[in-house]
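Working notes, structure below.
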Protein chains: 2
Amino acid sequence: MAPSDTEQQLFDAALTLFARHGKAGARMQAIADEAGLNKAMLHYYFRSKDQLYEAVFGYAMQQFMASFDNALRTASSFGEALRLFIDGYITFCKHHTDAMRLLVNENLRGGSLVGQHLQQLKATAPDAPPQLMLRTIERAVASGEIRPVDADHTLLSIVSGCLFPFIARPTAEVLHPEAAQWDAFVEARKQHLFDLLYHGLRTDTPSA
Amino acid sequence: MAPSDTEQQLFDAALTLFARHGKAGARMQAIADEAGLNKAMLHYYFRSKDQLYEAVFGYAMQQFMASFDNALRTASSFGEALRLFIDGYITFCKHHTDAMRLLVNENLRGGSLVGQHLQQLKATAPDAPPQLMLRTIERAVASGEIRPVDADHTLLSIVSGCLFPFIARPTAEVLHPEAAQWDAFVEARKQHLFDLLYHGLRTDTPSA
DNA sequence: GTCTATATCTCGATAGAC
DNA sequence: GTCTATCGAGATATAGAC
């Protein structure tokens, strides 16, 4: 069932405002305004604010997971997988900033939605991107391609490096004013992060 | 002027609840309850919710900055500085989770408070921890102790590695259920992160 | 300084015309 | 399906007794 135009507009507006102001801070009136419609339509399509939020959150999560899937499966070496993962992650954040913000927000608040959706995902798709990357790391350790690091911590480090600039953008912009051209800064980050992590993980280091 | 006991109790309760539910989600009634007092006292000491929030935010920021200052100045090598910075950061997050959550939340929301306070800090204390660590990185690059990395990106990577487990705790706990003993996981992270970053940054890699 | 009681308003949700 | 008008809960903030 394809959602109607109206429903889609409301949905998009909700994503934007929930991401910007959080679940509690976003106003149904503001969402309706953003969509160029009225509150009654919001309730007509989504019943309540709670249900609207859950729908939006589920969508963000799904969109997020889908964004790496293909990339990761084509990698033929750990280095390539690492680069694809980093590039994919950062590109996703750049183009779907609202979705990312929503996910981080929910995590930060310790909401139960994160656990629910992840558990479900783990059950229905045991080789979703996070697990896939975990196993990629474990294989690379086993084959000696990288040092014997803890896979969970390593994945956390990779993800954090990708996400953090978006989370801490206001701080980053003060510390690094030249980054006024945000897009260039984000692009440069892909390369920096790959270098740092690849050097940090690989077994042998031929001198330059 | 030392704040009265009452004021302090209200303040602490506010920090807890603002961190837990965000500025919009936290209820003045709930803050009063948490402090074992009533709403009227909140307005008596802090005028409005806005002013209460600003006071709490400023305090969190200040507490955060103060927590590294001494540690960083005693380091005699880059490796030592890196270890002190990581240990200090993670320990701070562990013991002042609410303050950290508040700061991250405000960053995520792109609030203007972050910029204001950081600008002011930069003016009054030009060698506050962030700048201090930046210069430490630059010196280490200049001396050849580490590879010629971009200092801003590197600092961002270090900070993100420290903070992220706390930000993404719900996700981390699903991916890594053994981390049910959170404290042990956090302690282990100090070592993991230092290893990863030190290997990633240093110039030469003597084989084990 | 501290409390109870209340004023004022904002927001989520619904009713009902079209 | 879409809108205007409105209800009623719950929020911030204040008044005023003690």
Side-chain angles (χ1 to χ4, degrees), chain A residues 1-60 98 101-102 105-106 109-113, chain B residues 1-60 98 101-102 105-106 109-113:
Chain A
M1 242 20 115
S4 69
D5 258 24
T6 300
E7 185 172 356
Q8 190 63 46
Q9 279 173 314
L10 293 169
F11 194 92
D12 292 345
L15 175 60
T16 302
L17 293 191
F18 279 137
R20 195 123 64 208
H21 301 111
K23 182 186 169 185
R27 302 283 157 240
M28 294 294 268
Q29 180 66 57
I31 295 174
D33 290 349
E34 172 87 11
L37 293 160
N38 55 72
K39 279 189 296 177
M41 298 309 289
L42 275 174
H43 287 95
Y44 176 77
Y45 281 104
F46 301 98
R47 279 306 282 180
S48 70
K49 191 182 184 182
D50 275 342
Q51 288 186 45
L52 175 57
Y53 182 77
E54 286 199 29
V56 167
F57 177 83
Y59 171 76
D98 286 338
R101 222 175 272 194
L102 201 72
N105 223 304
E106 190 65 20
R109 183 143 2 277
S112 56
L113 284 180
Chain B
M1 241 20 114
S4 68
D5 258 24
T6 300
E7 185 172 357
Q8 191 64 46
Q9 280 172 313
L10 293 169
F11 195 94
D12 292 345
L15 175 60
T16 301
L17 292 190
F18 278 137
R20 195 123 63 208
H21 302 110
K23 182 187 168 184
R27 302 284 159 235
M28 295 294 266
Q29 180 65 58
I31 295 173
D33 290 350
E34 172 87 10
L37 293 161
N38 55 72
K39 282 186 293 177
M41 298 309 289
L42 274 174
H43 287 95
Y44 176 77
Y45 281 105
F46 301 99
R47 273 318 275 182
S48 70
K49 189 182 184 182
D50 274 343
Q51 288 186 46
L52 174 58
Y53 182 76
E54 286 199 28
V56 166
F57 177 83
Y59 171 76
D98 286 338
R101 221 175 271 194
L102 201 73
N105 223 303
E106 191 65 20
R109 184 142 1 278
S112 57
L113 284 181

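By convention in this document, chain letters (A, B, ...) are assigned in the order of the sequence lines, proteins followed by strands, and residues within each chain are numbered from 1. Hydrogens, waters and symmetry mates play no part in the numbers below; they use all other heavy atoms, side chains included.
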query = Just by distance, do the side chain of B:Lys49 and the backbone of B:Lys23 share a donor-acceptor pair under 3.5 Å?
reply = yes
Nearest 0.5 Å, please: how far is [atom2] in [Y] from [atom1] in [X]?
X	Y	atom1	atom2	answer
B:Ile31	B:Phe18	CD1	CZ	4.0 Å
A:Leu52	A:Arg47	CG	CZ	13.5 Å
B:Met28	B:Leu17	CE	CG	11.0 Å
A:Lys39	A:Gln29	NZ	CD	5.0 Å

request  = Could you check which residues of residues 21-46 of chain B get a heavy atom under 4.0 Å from DNA chain C? Sort them by number, please.
outcome  =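 By residue number: B:Leu37, B:Asn38, B:Ala40, B:Met41, B:Tyr44, B:Tyr45.
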query = Is it the case that more than 12 heavy atoms not belonging to B:Tyr59 sit under 6.0 Å from its OH atom?
reply = no
query = For atom CZ of A:Arg20, is the number of surrounding heavy atoms from other residues, nucleotides or ligands below 6.0 Å larger than 12?
reply =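 No, CZ of A:Arg20 has 12 or fewer neighbouring heavy atoms, counting only those of other groups under 6.0 Å.
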inquiry  = Using a 4.0 Å heavy-atom cut-off, does A:Ser48 contact any base of the nucleic acid, only the sugar-phosphate backbone, or nothing at all?
reply    = sugar-phosphate
message = Does B:Thr6 reach a base, just sugar-phosphate, or nothing at all? Heavy atoms under 4.0 Å.
response =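 Touches sugar-phosphate only.
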request  = Using five base pairs at each end, measure the axis-to-axis angle across the helix from C:dG1-D:dC18 to C:dC18-D:dG1 and round it to 10 degrees.
outcome  = 10°
key: Leading and trailing nucleotides of DNA chain C with any atom under 4.0 Å from heavy atoms of chain B   =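 On DNA chain C, the outermost contacted nucleotides are C:dG1 to C:dT4.
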ask   = Side chains of A:Phe46 and A:Phe11: does their closest heavy-atom pair fall under 4.5 Å?
value = yes
query = Per the side chain to side chain donor-acceptor pair (under 3.5 Å) rule, which among A:Thr6, A:Asp5, A:Asp12 passes with A:Gln8?
reply = A:Asp12
task = Determine, step by step, whether B:Asn38 and B:Tyr44 satisfy the side chain to side chain contact (heavy atoms under 4.5 Å, CB included) criterion, reporting the C-alpha distance in whole Å, the side-chain angles of both residues, the deciding distance to 0.1 Å, and the verdict.
result = CA-CA 10 Å; B:Asn38 55 72; B:Tyr44 176 77; over 6 Å; no
key: B:Lys49 NZ to D:dT14 P, straight-line distance once rounded to whole Å   = 15 Å
